[in-house]
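Single-structure report; data block below.
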Amino acid sequence: MSATMTTGPGTRPAAAEDEDAPVRRRPPVSLVLCSVWVVLVLASTLLAGLLPIAGYDEPVADGATPPFESWPEFLGTDSVGLSVLSRVIHGAQLSLAVALLGTVIGMAGGVALGTAAAYFKGWLATVVNLLSDVVLAFPGLVLLLAMASVTRPSVWSLSAMLGLLSLPSSLRIAYANANVQLGRDYVLAARALGTPAWRMIVREVLPNIAHSLVAFGFVMVATFMIALGALDFLGIGLPPPRPSWGGMIASGFDSIRTRPYLVFVPAAVLLLTVFSFNTIGDRLRERADGRGGHL
Amino acid sequence: MSGTTFVAKKLSHLLAVVLLVSLGVTALLSQGGTVAAQILGPNANAGQIAELERQLGLDRPFAERYLSWLADAVRGDLGESLLTHVPVTEVITNGFAVTFELMVLGLGIALLVAVPLAAYTARNVGGKIDTIATGVSSLFMSLPSFVLAIGLLYVFAVRLGMLPVSGWVPLTQDPVGNLRSAILPSLVLALHPMATFFRVLRSDMITTLQQDFVLTARAKGLNTAYILLRHALRPSLTTLVSLAGLSIGSLMTGAVISEVIFRLPGMGSAIVNAVTQRDVPIVQGVVLLVALTYVVVNTLVDLLQAVIDPRVQTS
Amino acid sequence: MTHDEAKSLLRIRDLSVRIPTARGTIWPLDGVDLDLGAGETLGLVGESGSGKSMLVRSIMGVTPAASTLSGELTFDGVDLAGGRTEQARGVWGKRVAMVFQDSMTSLNPVVRIGRQVSEGARRHLGLTAAQARERALDLLDLVGIPEPRARLAQYPHQLSGGMRQRVAIAMALACDPDLLIADEATTALDVTIQRQILDLLQEIQATRGMAMIIVSHDLGVVAGRTDRIAVMYGGRIAEESATRTLFAEARHRYTRALLGALPTLDMPRHSVLPTVPGSAPDPVGRPRACRFAPRCPAAVDRCRTERPRLLSQGDSGHRFACFVPVEPDAAPASAHAAAVAAPAAATPAAGRPPRLEVRDLVCRYRVPGGTIHAVSGISFAMPPGETLGMVGESGCGKSSAAKAIVRLQQAASGSVLLDGTDLLTLSPREMRRQRTRIQIVLQDPIASLNPRKTVRGCVAEGLLIQGVRGAELAAKVDDALRGVGVDPDIHGGKKAYQLSGGQAQRVAIARAMALDPDVLVCDEPVSALDVSVQAQVLNLLERLKAERGLTMLFVSHDLSVVRNISDRVAVMYLGTIVELGDADQVYSAPAHPYTRALIGAVPVPDPTRDHASTPRLEGQLPSPLSPPSGCRFRTRCPMARQECADKEPPLVEVAPGRLAACHFPLTGSPEPAAPSPTARMRQ
């Protein structure tokens, strides 16, 4: 964010005459902070049971209390006296599981189809292109709504659905990157050595597109967190009793005039988490291309 | 490839997209319970539900139902709501005005902010404004639209009381009131595309500014503003224009959220209600319209690409 | 020619450019002194990384934004080193103008030609739209563009490369500059087009009396067309003198080496070229030493501890920066090369069955708007141990043919027989086995190595595919690397981008040779390399061929290189072979008019040679989408008659061992041009 690492062409004033020291490139502060936050969220989610906090369905007060009045419920309690802190921590579990699983599904499918379509071209590329247009033409939220109305969403069905919906973008990223690589001379050279198709994709092309894909994976987790939040908010996400950030925001929305923290605490946590995943993805991608222009 | 084969190929692709989308949504909604259970309420027994399903024609095979719907749809008849018996076309027309206005306003705001800002920051990478703009854009990218909607509602409507909390004033009734009721919802739609447009255009502009022809223009002694506008902007627009076309889907998602939170009578609200009540014809109609819009917009985008870059031929 | 500082138009003193990078500060320019008088033509010569481009960019005020200039740089008294001042902006684009290398990238693809040509004049001369349009018309007409009015509304991609470069020249002339800079302006063009553009530049320079700087890596380009030449190395000027002096008695060790490493049309075939060891200097830092010292055979201690100044020899204007200069009476630099003979190359055994035979090979590919006929039925046979050179301009199909032969590109029809086995009909599995027998080396060495793999990994790949494993694999990889002069212990773990171009091409050759092939196809293997490195790779190929008895198909656009390495030469034009025969005979007495024109267009590094004496090939290459009927060359052939349009001439024997596809082949005598020293030596 603020400490962007784009090596811009800001003309540096000449300091010493023969200052040949390399321009220092530290990992940007934003990357460090975001990684810390992601690790914190993941750790507290995984270790929720070990933390000295109340269960997500055990009231700790008689009613709503604002934040910063008691410990360890420093984020306050809601109208039935449940600790916001423990609900926030427990609320991350399923969302994170779905987002990560969905990313794995979406990336695996997209990379397999995208690289194969780029390598084999022809009818495969046509079909893949058509399918990705179909998914893109489908309003994603409507599809999720429709699905939610058909069956009770589960971690698996939601992950699969999100993975499917994200297929066009992961596929296009993989296709575009693979296509660039396949046009390079080293691929031609590998073909001259008689490299078979799978070996070409796995050993020659994939290592060269891996960073872009990993970077995109982080952005995808962020996108899924947002989508899941929206579903929970609309009440068609993973069913109760487990809390979710979106669900907490929705129930807090009813009393926003009197107790805004019930909305803004989970909203801030969601925002920070999404932002962190996005930023890590961006920084990973930028590492390849920080540059300035001729003007 | 000749122009006509190109058009034919493109059209068949588009047709296939629309057909597959409508087939997909119909198939999905044919799973699980039907509207009959919704109409009769929780106390109905299986026999009553089956009887109502028979009356509504829901017991026919899936393929038959889909094909008859498709045959009617081609003639412009999208059927009627199973619950209210209002024709689907009417439901759509009513909601469309609201959703369309939101989407156009949202897209407009996004482009108006993103394009000049991207052009400026690409020229001044690493500068103060660039740092702030890239930072804010990351924040916007990460802001879920429902959180944003709630935040805007809280600040402007609840705290400051400047704008209406909810409700819709049609444009034809009161233009100022319309704008007041549309401004917050369309901002909700605009923010995410604004951030993506800004980043994509900025990055493409930076790439363009590294091209030799920019060096040539500089060597001709032309001034910076002229080079940015005349030489660098147009070749940088390709990805942005494609992205704007593809953003129809995410704008629609934003519209659904926005309409639910601000309680606006648009297509988004209509589809959320229809889905929860399993009112299949309305869902089919709305999805068909969205898919058609997506397809038409993206065809226009392809044509626009050829205008932007004369090297792109319609082939 | 001496230069008088008093009437110096451009004055450069101790000019340096520095750019901070992640690896440290680089100094693309490091204390350059130069003067240029009004109306004078200067050749600026150097290999990649020499700083020649940065020097002219500094003059134009278009250095990278991160760079800092220091030193003195004035044009007609106006300071150009002090940023974008009002006065400097009155010079750039108006009084000094520049033509860039590649018109494909240096013209804006989405702006109409009329606007691009005239916008400078509108800005600097305040012309109205109508006046600017008239001016654009005049300029396009001046640079020899047919139907200029129709071009105004066109976009650059609608013109051919040569025409685009003419547009770029028209653009530079828009404000009647006093100094025109041509930065590698003909490098991206084919030789026959290059010749047209160089002639055009020279004409314009002469009629307008403006000063000109021709920047080039090619000594041949500047030889006959400049008054003075400055040779750059590592950001500094190594030597500067009148053009004739430089070629006759270069004093700097680097200039000598550069001249010697250049294969020329008049040296004996299979000459071992004198090479410059090592590669271009690391641009990081500015050592207190001669930048050439690490590669210089004559370097002494002083060269490594003290920076040589660019000093004048008497008042001749011959300046060089060298502590151990070559004595002025030493043999001319260009004669060095011819002295060394190649090791006895395996002479191709005629009469034996051919190792590689190509029959009626046809390659086409579909593009928007039609079908490109890249190769239209070529046939030839190569006996074991032969090197066949394949030359031609871009689009002639030589590269497509090379790739189709090793099945990197689909052939539409025809056959490629390797010892009688038709490669084009083999299954992928069978072809994989044959790949140990026929291999290819590609043009861009760094791009042809997978950036994620180590040098060892790259070389091992082919062996792995053939099932070689374990200790045998490691041994074979290291052997292959040593065989091309790359130490596996030093470089084996590096990645491609850590290598220099020459090292990378050695690795690429090692990758091919690790499979121990009988046939090696080389597709422009040295055209991405600097002259001094090119000689190393050419010598390596000659040595491998001699040691392993390789049969080699050597594809290149560079006629001098092809002549030096080949036993026989095939000349291609628009997908057909127009002439095929012994290399010496084809070059000394071409039978096809195209061959003659092609050889005549080669820039010769010999300032005494008169360019005007050889006939210039006019016109552009016809589109390979719809090649002309009959003889494909007839549209540009000075001797074309009706018959040439009606009937396609077959490739037939015109003399023993000489094939030509021409209805009216030239007789065996050399071209009727005025004999030049080069021509004499060719006899």
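Bear in mind that the values here come from a model prediction, so they are computed numbers and not experimental data. Order of the sequence lines fixes the chain letters, A, B, ..., with proteins taken first and strands second; residue numbering starts at 1 for each chain.
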Using non-hydrogen atoms only, which part of [X] is less than 4.5 Å away from chain A: side chain, backbone, both, or neither?
X      : result
C/R433 : neither
C/Q434 : neither
C/I19  : neither
C/L442 : side chain

- Message: Quick check: closest heavy atoms across A/A192 and C/I440, and the distance to 0.1 Å?
- Response: CB-CG2, 3.4 Å
- Message: Could you report the tightest heavy-atom contact between C/P451 and A/N208, atom names first, then the distance?
- Response: CG-OD1, 3.1 Å
- Item | Evaluation steps, side chain to side chain contact (heavy atoms under 4.5 Å, CB included), between A/R191 and C/V406 | CA-CA 10 Å; A/R191 278 176 54 206; C/V406 292; over 6 Å; no
- Query: Can you check whether A/L193 reaches C/R435 side chain to side chain, under 4.5 Å on heavy atoms?
  - Reply: no
- Query: So do C/S448 and A/L188 actually touch side chain to side chain, heavy atoms under 4.5 Å?
  - Reply: no
- Note on the structure: Interface check, chain C: of A/R199, A/R184, A/Q181, most non-hydrogen pairs under 4.5 Å belong to A/R199
- Atom CD of C/Q410: over 12 foreign heavy atoms under 6.0 Å: no
- Message: What's the separation between atom CD1 in C/I446 and atom CG in A/D185, rounded to the nearest 0.5 Å?
- Response: 12.0 Å
- Structural part of A/R203 lying under 4.5 Å from a heavy atom of chain C: both
- Note on the structure: If you tally heavy-atom pairs under 4.5 Å between each of C/R429, C/R511, C/E461 and chain A, the highest tally belongs to C/E461
- Message: At a heavy-atom distance under 4.5 Å, which candidate from C/K453, C/M431, C/K403 has the highest pair count against chain A?
- Response: C/K453
- Query: Does a side-chain N-to-carboxylate-O contact under 4.0 Å join C/R452 and A/E204?
  - Reply: no
